[in-house]
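Data first, discussion second: the structure below is written as structure tokens.
Convention: sequence-line order gives letters A, B, ...; per-chain numbering from 1. Computed from a prediction, not measured in an experiment: that's the story for all the values here.
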Number of protein chains: 2
Amino acid sequence: MRGEATPRLREALEDDIVAGRLRPGQRLDEVGLAERFNVSRTPIREALIQLASSGLVEIRPRRGAFVLLLGPRELIESFELMAEIEAACARLAARRMGDEDRAALERAHHACEDAVRAGDPEAYYPTNAAFHAAIYAATGNRVLAAEALRLQRRLQPYRRLQLRVPRRMDASFAEHEAILAALLSGDGEAAAEALHAHVLVQGERFMSLITALQDEAEVVARAG
Amino acid sequence: MRGEATPRLREALEDDIVAGRLRPGQRLDEVGLAERFNVSRTPIREALIQLASSGLVEIRPRRGAFVLLLGPRELIESFELMAEIEAACARLAARRMGDEDRAALERAHHACEDAVRAGDPEAYYPTNAAFHAAIYAATGNRVLAAEALRLQRRLQPYRRLQLRVPRRMDASFAEHEAILAALLSGDGEAAAEALHAHVLVQGERFMSLITALQDEAEVVARAG
DNA sequence: GTCAATGATCTTGTATGCAAGATTTGACTG
DNA sequence: CAGTCAAATCTTGCATACAAGATCATTGAC
């Protein structure tokens, strides 16, 4: 077994959580994971600690690790934070982005368009994430971009549900169009406002779904 | 040894870093720390991993852990992120803060005033941090506040140096006054702008000092 | 039949052991 | 005398061992 185990485990678990294969609230048993990955508990624990620090996992002392389950309040607050950070990204990106960034942004936008045309939410999901990531990158501020990505990943398990809402995908894409136009025209304030609303509306639309998920997940947590 | 060791170790190391007892760039030897705290390497490693995830420590695989040393670019970017986040806090706080928050903010401001009167940068430092923290809390958004605090701590080892700059403490306090006035009058935009500038100016003023620290720390890192 | 208490079982948190990669030291070569 | 290669030493990363707290089940009382 070459290379180091811990980073690999962290990525594998992170993918499982972000992709929804591990559901919010689910318990992460150290021994079980160790067996699944054919390693000892030590690197598993270290990976779990890292995931806890980046906000994907919650470790309750002496009780074990759980996929982070955001309550309604935390969820609203997280989307609000995301909206503020993305708005800041829009402002900076509009001011600073270069030709390379513009091209990447347009590529990402077209990829979204393809997914919308295909009417495939599963395909839209990653292209949407990439579009937002392209905005982060266009700020030229790597620290800010890393922070935005971290938050994006933290919210992805929840976002994922939202694309199932009828017509949401088309609405999302239309909003992207307005954001992109504002960015390309260099109007940072307009882009910031549009992006802020775009993120917040997602948070708000989620709430009903989330509450449902919440109940479901709690049942899972209790049963599992 | 009752209670759990890891959280205690994390806090102790975090305090050492934030307070400047452990300098940026300094190596953190697992065995040495284990002896110092009378524990095995295991909880030390877990504490270091947590500190790495919150951005106070850098772990280079197979090379060990080091107190995070931000380069000039990362430092500028971090202050820019901090400025954006604090500006967002100001906007939200101006809209939402209650009487309790107002009172806490004024108390924090008066504590700053005392330190300025005494002309004591060492005393001003924590009161300044508390003033900013009061703004975070006044947003009513705990997720946002937690994020702001995390960044604040990450930058504290660097901020700490800046209060040594002549007259900086008085200028900082004067800026606080303007920020507080805007917040209390409910003018979120003005508060946001003032706070944004307040944070950014710190970042900019730091740069010369930082470069000096950078060199010094690298020497320490190489020697240690 | 429900609830509480107590012991068995399981899981976490920490210590210790060991192998592999990194660093240092010292000798040797040009 | 500087530079380089190699072996010895040190450190990390992972595995395993063990103790203490948490969970669960069984039993007994009401």
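At dG13(D), none of the side-chain N or O atoms of Thr6(A) fall inside 4.0 Å of OP1 or OP2 (strictly under the cut-off). Taking only side-chain nitrogens and oxygens, Arg60(B) never comes nearer than 4.0 Å to OP1 or OP2 of dT11(D).
Ile85(B) has its side chain out of reach of Glu84(A): every pair of non-hydrogen atoms, C-beta onward, lies at least 4.5 Å apart. Side-chain contact between Asp99(B) and Arg102(B) is present, with heavy atoms from C-beta onward closer than 4.5 Å. Counting heavy atoms from C-beta outward, Phe66(B) and Pro24(B) have side chains that stay 4.5 Å or more apart. Contact of the Arg96(A) side chain with the Asp101(A) side chain is not registered, since no non-hydrogen atoms from C-beta on lie closer than 4.5 Å.
Looking at residues two or more places apart in sequence or on another chain, you find a side-chain hydrogen bond (donor to acceptor under 3.5 Å, both in side chains) between Arg73(A) and Glu77(A). Legend: residues meeting side-chain hydrogen bond (donor to acceptor under 3.5 Å, both in side chains) with Arg142(B), ordered by chain and number and at least two apart, are absent.
The CZ atom of Phe37(B) sits 16 Å away from the C1' atom of dT14(C) (whole-angstrom rounding). Put simply, CG on Asn38(A) is 16 Å from C1' on dT16(D), counting in whole angstrom units. The CZ-P distance, from Arg10(A) to dC14(D), rounds to 13 Å in whole Å. Whole-Å rounding puts the Leu9(A) CG to dG13(D) P distance at 14 Å. Distance CZ (Arg8(B)) to P (dG13(C)): 15 Å, rounded to an integer number of Å. Atoms CD (Glu46(A)) and P (dT14(C)) sit 13 Å apart, rounded to a whole Å. For the pair Glu30(B) CD and dC14(D) P, the computed distance is 11 Å after rounding to whole Å. In this structure, Ile44(B) places its CD1 atom 14 Å from C1' of dG13(C), rounding to the nearest Å.
For residues 124-137 of chain B, no residue pair satisfies the salt bridge (Lys or Arg N to Asp or Glu O under 4.0 Å) rule, not counting sequence neighbours.
Side chain of Glu4(A), nearest nucleotide from dT12(C), dG13(D), dT16(D): dG13(D). In the set dT14(C), dG13(D), dA15(D), the nucleotide with an atom closest to the side chain of Arg45(B) is dG13(D).
Of all the residues in residues 47-59 of chain B, not one reaches under 4.0 Å from DNA chain C with any non-hydrogen atom.
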Once each nucleotide of nucleotides 17-23 of chain C is scored for protein heavy atoms under 4.0 Å, what B/S/- sequence comes out, 5' to 3'?
-> B--BSSS
Which atom pairs, donor and acceptor, lie under 3.5 Å between side-chain atoms of residues 47-64 of chain B and protein residues at least two apart or in another chain?
unit_1   : atom_1 : unit_2   : atom_2 : d
Ser53(B) : OG     : Ile49(B) : O      : 3.1
Ser54(B) : OG     : Gln50(B) : O      : 3.4
Ser54(B) : OG     : Leu51(B) : O      : 3.3

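Comparing Asp29(A) and Thr42(B) along DNA chain C, the residue whose closest nucleotide (by nearest heavy atom) sits nearer the 5' end is Asp29(A).
The aromatic rings of His176(B) and His198(B) sit perpendicular, their planes meeting at an angle over 60°, well past the 30° parallel limit.
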